[in-house]
Amino acid sequence: MKIAYIMQYLTERFGGPVSVVKNTGAVLTGLGHAVSYWATVENKDRKDISLKGTVHMYNPVWPRFWFRSNELARDLLNEMLSIDILHINGFWGHPVYAASKVARKRNAPYILSPHGCLSPWRLRNTFVKGIKKKFYFDLISVPIMSGSSCLQACSELEAEHFRMADYKGPITIIPNGVDTNEFSDGDGAEAEARWPDLKDRPVVLFMSRLSPEKGLDMLIPVWAELVKSTSCKDALLVIAGPDVKGYQKVVELLIKKYNIDSNILLTGMVQGQKKLALLRRADIFVL
């Protein structure tokens, strides 16, 4: 099959959906399918894109927060006759809107994976607010959902969110895959060598993008209470992930407010061996 993945972005600093698409696409390519990727990518990020398959990258234009690219829409329309199915990832971005419109115009099937964008929290706090949000959802999002062949959820909870958003069509639940070959035995010594603060301490690991919906505003105050106790005073909370839209400043202010600098380590985004080393060293994972 010829499968086209449509993304708002392809840069891993934006979070998990990119990794999910990258890993799934690699498996499908290995099974003999022809996989292509279509997304907006800033010039400064292009050197970091490494995918198996054909990659179509476009510069986003105004309004950039919508990841808009008319060129993506135009080229996809021209290529649709050679594509069997579109797998659209995300929900609010222009590539999602453009790809679904092209698919309906060509009467081509498409699957939609919102990646959490239909959770009640996200619907309340997305980039379009109040009346504008309802207008966008009713005018643009509802046709995108109703025109899809299927909505893919990664859990039963996400499938429930689809129904809460009044989607009545078919749903498939497919959890995000994990390549177990990435993981091997280890004792965490590599992480301690890189981050000496970890040595001989209980370690709790938060590994995700630094973004409002991830709950750091709840985790940090609880952590401040926890480390007051004698049994936990040496515990270290490692916050590993990329900063999204300046939210790290909010996290740093919270750490300062609760005076727990010595019990929290901010590593920034970690990938590859660094990521695996932190996972091996952690006593508890929290998200």
Side-chain angles (χ1 to χ4, degrees), residues 3-26 29 35-79 86-99 102 113-117 122 125-128 176 179 182 194-195 206-214 216 238-253 265-278:
I3 304 165
Y5 277 105
I6 314 300
M7 300 285 292
Q8 295 169 179
Y9 38 72
L10 274 176
T11 310
E12 292 193 17
R13 61 183 169 84
F14 284 109
V18 177
S19 295
V20 172
V21 167
K22 181 178 179 179
N23 292 340
T24 307
T29 300
V35 177
S36 62
Y37 305 87
W38 304 69
T40 58
V41 182
E42 299 277 2
N43 284 329
K44 62 186 174 73
D45 293 322
R46 295 193 176 196
K47 64 182 185 302
D48 299 322
I49 305 298
S50 176
L51 293 162
K52 292 182 179 179
T54 304
V55 183
H56 303 268
M57 295 184 283
Y58 301 87
N59 285 320
V61 297
W62 187 91
R64 298 173 80 86
F65 68 82
W66 199 32
F67 301 97
R68 176 171 163 260
S69 171
N70 291 333
E71 290 183 356
L72 185 154
R74 180 200 64 203
D75 290 353
L76 189 60
L77 180 63
N78 292 335
E79 290 287 331
L86 297 179
H87 191 157
I88 302 174
N89 293 264
F91 195 70
W92 299 109
H94 175 259
V96 176
Y97 162 73
V102 165
S113 296
H115 293 286
C117 289
R122 293 293 291 276
N125 295 278
T126 190
F127 72 85
V128 277
N176 295 332
D179 182 1
E182 290 184 4
R194 181 165 189 84
W195 297 283
F206 169 97
M207 184 177 283
S208 186
R209 64 184 182 273
L210 277 58
S211 188
E213 72 271 18
K214 295 301 182 178
L216 286 165
V238 177
I239 298 176
D243 181 20
V244 175
K245 297 181 180 178
Y247 192 71
Q248 182 168 328
K249 291 181 180 178
V250 177
V251 173
E252 291 170 347
L253 286 172
L265 173 66
L266 292 166
T267 67
M269 185 172 182
V270 290
Q271 295 176 281
Q273 250 343 92
K274 297 176 188 176
K275 175 180 176 180
L276 296 178
L278 269 180

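Environment of OH in Tyr97: sparse, with no more than 12 heavy atoms of neighbouring residues, nucleotides or ligands closer than 6.0 Å.
Within the model, atoms OG of Ser208 and CD1 of Ile239 stand 11.0 Å from one another, a figure rounded to the nearest 0.5 Å. Atoms CE and OG, on Met57 and Ser69 in that order, are 12.5 Å from each other to the nearest 0.5 Å. Between Asn59 atom CG and Arg64 atom CZ the span is 7.5 Å, to the nearest 0.5 Å. To the nearest 0.5 Å, atoms OH (Tyr58) and CH2 (Trp38) are separated by 4.5 Å. Note that CG of Asn176 and OG1 of Thr24 are 7.5 Å apart. Values are rounded to the nearest 0.5 Å. Rounding to the nearest 0.5 Å places NE2 of His56 at 8.0 Å from CG of Asp75.
Between the Asn23 side chain and the Ser19 main chain, a donor and an acceptor come within less than 3.5 Å of each other. No side-chain donor-acceptor contact under 3.5 Å links Gln8 to the backbone of Phe67. Using modelled atom types, one side-chain atom of Trp66 and one backbone atom of Trp92 make a donor-acceptor pair closer than 3.5 Å. In this structure a side-chain-to-backbone donor-acceptor pair under 3.5 Å is missing from Asn70 to Arg68.
Closest non-hydrogen pair, Asn89 versus Val96, comes out as O-CG2, 3.7 Å. Gly25 and Val35 make their closest contact through O-CG2, 3.9 Å (heavy atoms, listed as atom of the first residue, atom of the second, distance). Heavy-atom minimum distance, Ile6 versus Leu76: CD1-CD2, 3.9 Å. In plain terms, the two heavy atoms of Leu266 and Gln248 that are nearest each other are CD1-NE2, 4.3 Å. Between Val18 and Thr11, the shortest heavy-atom distance links the atoms CG2-O, 3.6 Å. Annotation for Gly90 and His115: closest pair N-CD2, 3.8 Å, computed over non-hydrogen atoms.
A heavy-atom distance below 4.5 Å is found between the side chains of Phe206 and Lys214. Looking at heavy atoms from C-beta onward, Arg122 lies out of side-chain contact with Phe91 at the 4.5 angstrom threshold. Put simply, the side chain of Met7 does not reach to within 4.5 Å of the side chain of Lys22, judged on heavy atoms. Side-chain contact check for Arg46 versus Asn43: some heavy-atom pair is nearer than 4.5 Å.
For Lys47, the side-chain contact (heavy atoms from CB on, under 4.5 Å) test picks out no residue, with sequence neighbours left out.
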- Task: Please test Lys274 against Trp195 for side chain to side chain contact (heavy atoms under 4.5 Å, CB included), starting from the C-alpha separation and ending with a verdict.
- Result: CA-CA 10 Å; Lys274 297 176 188 176; Trp195 297 283; 4.1 Å; yes

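The aromatic ring centres of Tyr5 and His87 sit less than 6.0 Å apart.
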